[in-house]
Amino acid sequence: MRLLKCVLATGLCWGLSGASQVYAQRADDPIQLTADFNEAGDLVVKAEKRRLGTYSAAIDFQNVQNLTVPSRYRVAIRSSGPLIVLKSRGYSQSTHCGWKSVFVLGDRSAKPDTSFIYRLPFSPARGATEVRFAQEDKSLFFHTAPPKNWAAFCFFLNRGDTVYAIRKGLVVEIKEQGTSETGKPGVVYTSDHNYVQVEHADGTIATYNVLEPGSVCVKLGDTVYPDTPLALVGSFDGTQYRVALTLHYITDRIFAKGNAYSYEHAFESIFINPVFATAHGNRMLVSQNRYTAVVAPELITKEMTKREMKARTEK
């Protein structure tokens with residue numbers, strides 16, 4: 001299952017009237033931080049986004065001389081541009097500043113709409129379909145426990161069934177390289193799944209796990225709707241087909257009294273047990289029950305703009 005994933009990076013900037021930089025970030029980091037001194041001697045830290053979606057960053061400024069820096073700095077990065085200006089203290093001495101940073105996919109200022117009604121991720125033509133809470137399924141974890149408040153669903157489908165988006169959103173991450181390996185007879189294990197991640201308008205992120213390799217039919221940057229097919233359902237062992245769905249958002253971690261602040265663990269994922277539209281009404285799902293999907297027109301068009309509505313009508 002896809003959980004909170006952090007990317008660590010480091011950097012250094014120093015100088016007087018001009019800046020010399022040494023940036024130790026990797027080429028595939030989602031955010032590139034750079035810094036330059038302005039005419040007043042302040043240090044302007046900038047972000048260059050290299051991936052889609054909103055990222056939250058925690059920056060730990062270190063080895064600071066002649067600059068005023070915050071003790072904790074956490075920010076949501078939605079686009080490239082300046083992040084923060086570190087003011088010069090104006091002393092006649094060299095000025096320098098280093099930093100360490102962590103980046104997490106998600107918006108730390110997300111305000112989830114808990115009243116939102118989602119569609120089920122499979123076709124109404126399937127009829128009643130069993131759902132289980134994935135935290136009850138020990139096959140999803142190996143020597144580790146799921147995070148607190150973890151809520152995930154396994155929908156048991158048939159080979160060739162299509163997985164649909166549950167809500168309008170932006171496709172921000174796709175992985176189609178996961179494979180399973182066979183150990184003892186009848187035992188299949190994997191530490192990597194094929195998945196699609198979609199960011200929604202309220203900052204929540206849906207992750208669709210266990211997809212058939214080569215079947216993903218959306219691209220990074222696509223806008224999807226509740227009737228958009230994403231991929232075919234996958235399997236761990238080639239016999240039992242299911243899609244594992246999580247819905248979460250990112251928030252600032254609150255550190256307990258007496259615990260030191262750690263920028264590496266500045267954020268945490270909060271998982272949501274949402275309300276789904278079913279043939280028997282809108283409701284939260286109960287494990288081991290069976291549900292039939294419904295896709296009413298208002299469910300599909302609820303978040304569409306006027307332009308999107310017009311384009312849909314003209315098709």
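These figures come from a predicted structure and were not determined experimentally.
- Residues Thr129 and Arg126 bring a donor and an acceptor atom of their side chains to less than 3.5 Å of each other.
- A donor and an acceptor atom, one from each side chain of Tyr225 and Glu308, are located under 3.5 Å apart.
- A cation-pi contact, defined as under 6.0 Å to the ring centre and within 45° of the axis, is absent between Arg242 and Phe155.
- Side-chain polar atoms of Glu199 and Thr54 form a donor-acceptor pair below 3.5 angstrom.
- Remark: of the listed residues Leu230, Val196, Leu170, Leu230 is the sole one forming a side chain to side chain contact (heavy atoms under 4.5 Å, CB included) with Val224.
- Salt bridge present: Arg108 and Asp252 bring a charged side-chain N and a carboxylate O closer than 4.0 Å.
- For Asp42 and Arg89, the salt-bridge test fails: no basic side-chain N is under 4.0 Å from an acidic carboxylate O.
- The closest side-chain heavy-atom distance from Ile166 to Leu245 is below 4.5 Å.
- Distance check, rounded to the nearest 0.5 Å: CD1 of Ile174 to NZ of Lys219 gives 9.0 Å.
- The side-chain heavy atoms of Gln288 and Val286, taken from C-beta on, include no pair separated by under 4.5 Å.
- Between the side chain of Glu176 and the main chain of Ser215, a donor-acceptor pair closer than 3.5 Å is present.
- Residue Met304 comes nearest to Arg312 through the heavy atom pair CE-CD, 3.7 Å, listed as atom of the first residue, atom of the second, then distance.
- Clustering ILVMFWY residues whenever any of their side-chain heavy atoms sit less than 4.5 angstrom apart, transitively, puts Phe133 in the very cluster that holds Tyr241.
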Verdict with supporting geometry, Tyr118 and His200, side-chain contact (heavy atoms from CB on, under 4.5 Å): CA-CA 12 Å; Tyr118 295 81; His200 306 137; 4.3 Å; yes
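- Considering all non-hydrogen atoms of both residues, Cys97 and Val64 come closest at SG-CG2, 4.0 Å.
- With respect to Asp107 and Arg78, a salt bridge is recorded, a charged nitrogen being found less than 4.0 Å from a carboxylate O.
- Salt bridge present: Asp202 and Arg167 bring a charged side-chain N and a carboxylate O closer than 4.0 Å.
- When hydrophobic clusters are built by joining Ile, Leu, Val, Met, Phe, Trp and Tyr residues whose side-chain heavy atoms come closer than 4.5 Å, directly or via intermediates, Ile205 is grouped together with Tyr249.
- Taking CZ from Arg74 and OH from Tyr261, the interatomic distance works out to 4.5 Å, rounded to the nearest 0.5 Å.
- A donor-acceptor contact under 3.5 angstrom links the side chains of Thr207 and Gln197, judged on distance only.
- Using a 30° and 60° split on the angle between ring planes, Phe61 and Trp99 fall in the perpendicular class, above 60°.
- The line from CZ of Phe122 to CG of Asp161 is 9.5 Å long, rounded to the nearest 0.5 Å.
- For Arg132 and Phe153, the positive end is not near the middle of the six-membered ring at less than 6.0 Å and at most 45° from its axis.
- The hydrophobic cluster containing Leu299 also contains Val275, counting ILVMFWY residues as joined when their side-chain heavy atoms lie under 4.5 angstrom apart, directly or transitively.
- By the 6.0 Å contact criterion, NZ on Lys302 is enclosed, its count of non-hydrogen atoms from other residues, nucleotides or ligands being greater than 12.
- Nearest heavy-atom pair, Val233 versus Asn158, reported as atom, atom and distance to 0.1 Å: CG1-O, 3.3 Å.
- Both Val243 and Val218 are assigned to one and the same hydrophobic cluster, defined by single-linkage of ILVMFWY side chains at heavy-atom distances under 4.5 Å.
- Residues Arg119 and Pro124 are in side-chain contact: their nearest non-hydrogen atoms beyond the backbone lie under 4.5 Å apart.
- What you find for Ala266 and Ala58 is that their closest heavy atoms are CB-CB, 3.6 Å.
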Intermediate values then yes/no, side-chain contact (heavy atoms from CB on, under 4.5 Å), Tyr263 and Lys100: CA-CA 8 Å; Tyr263 83 97; Lys100 292 182 179 180; 3.1 Å; yes
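- Linking Ile, Leu, Val, Met, Phe, Trp and Tyr residues whenever their side-chain heavy atoms come within less than 4.5 Å places Ile300 and Met309 in a single cluster.
- Between Ser88 and Gly41, the shortest heavy-atom distance links the atoms CB-O, 3.3 Å.
- Separation of atoms CZ (Arg253) and OG (Ser269) is listed at 9.0 Å; rounding is to 0.5 Å.
- Taking the side chain as every heavy atom from C-beta outward, Ile84 and Pro70 approach each other to under 4.5 Å.
- In this structure, Asn38 contributes its side chain and Ala40 its backbone to a donor-acceptor pair below 3.5 Å.
- The shortest side-chain heavy-atom distance between Ser123 and Tyr164 falls under the 4.5 Å cut-off.
- Between the side chain of Ser80 and the main chain of Lys49, a donor-acceptor pair closer than 3.5 Å is present.
- For Gln65 and Ser94, the side-chain atoms include at least one donor-acceptor pair closer than 3.5 Å.
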Chi angles and distances behind the side-chain contact (heavy atoms from CB on, under 4.5 Å) call for Leu220, Val172: CA-CA 6 Å; Leu220 287 174; Val172 294; 5.7 Å; no
Full working for side-chain contact (heavy atoms from CB on, under 4.5 Å) between Thr114 and Ile272: CA-CA 8 Å; Thr114 56; Ile272 298 174; 5.8 Å; no
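- Atom OG1 of Thr204 sits about 13.5 Å away from atom NZ of Lys111, to the nearest 0.5 Å.
- Nearest heavy atom pair, residue Ala110 against residue Gly203, reads CB-CA, 3.8 Å.
- A salt bridge does not link Lys175 with Glu173: none of the charged nitrogens is closer than 4.0 Å to a carboxylate oxygen.
- The closest donor-acceptor contact from the side chain of Glu48 to the backbone of Gly81 lies at 3.5 Å or more, if one exists at all.
- Rounding to the nearest 0.5 Å places CG of Leu285 at 5.0 Å from OH of Tyr291.
- Looking at Ser101 and Leu33, their side chains come closer than 4.5 Å, going by heavy atoms from C-beta outward.
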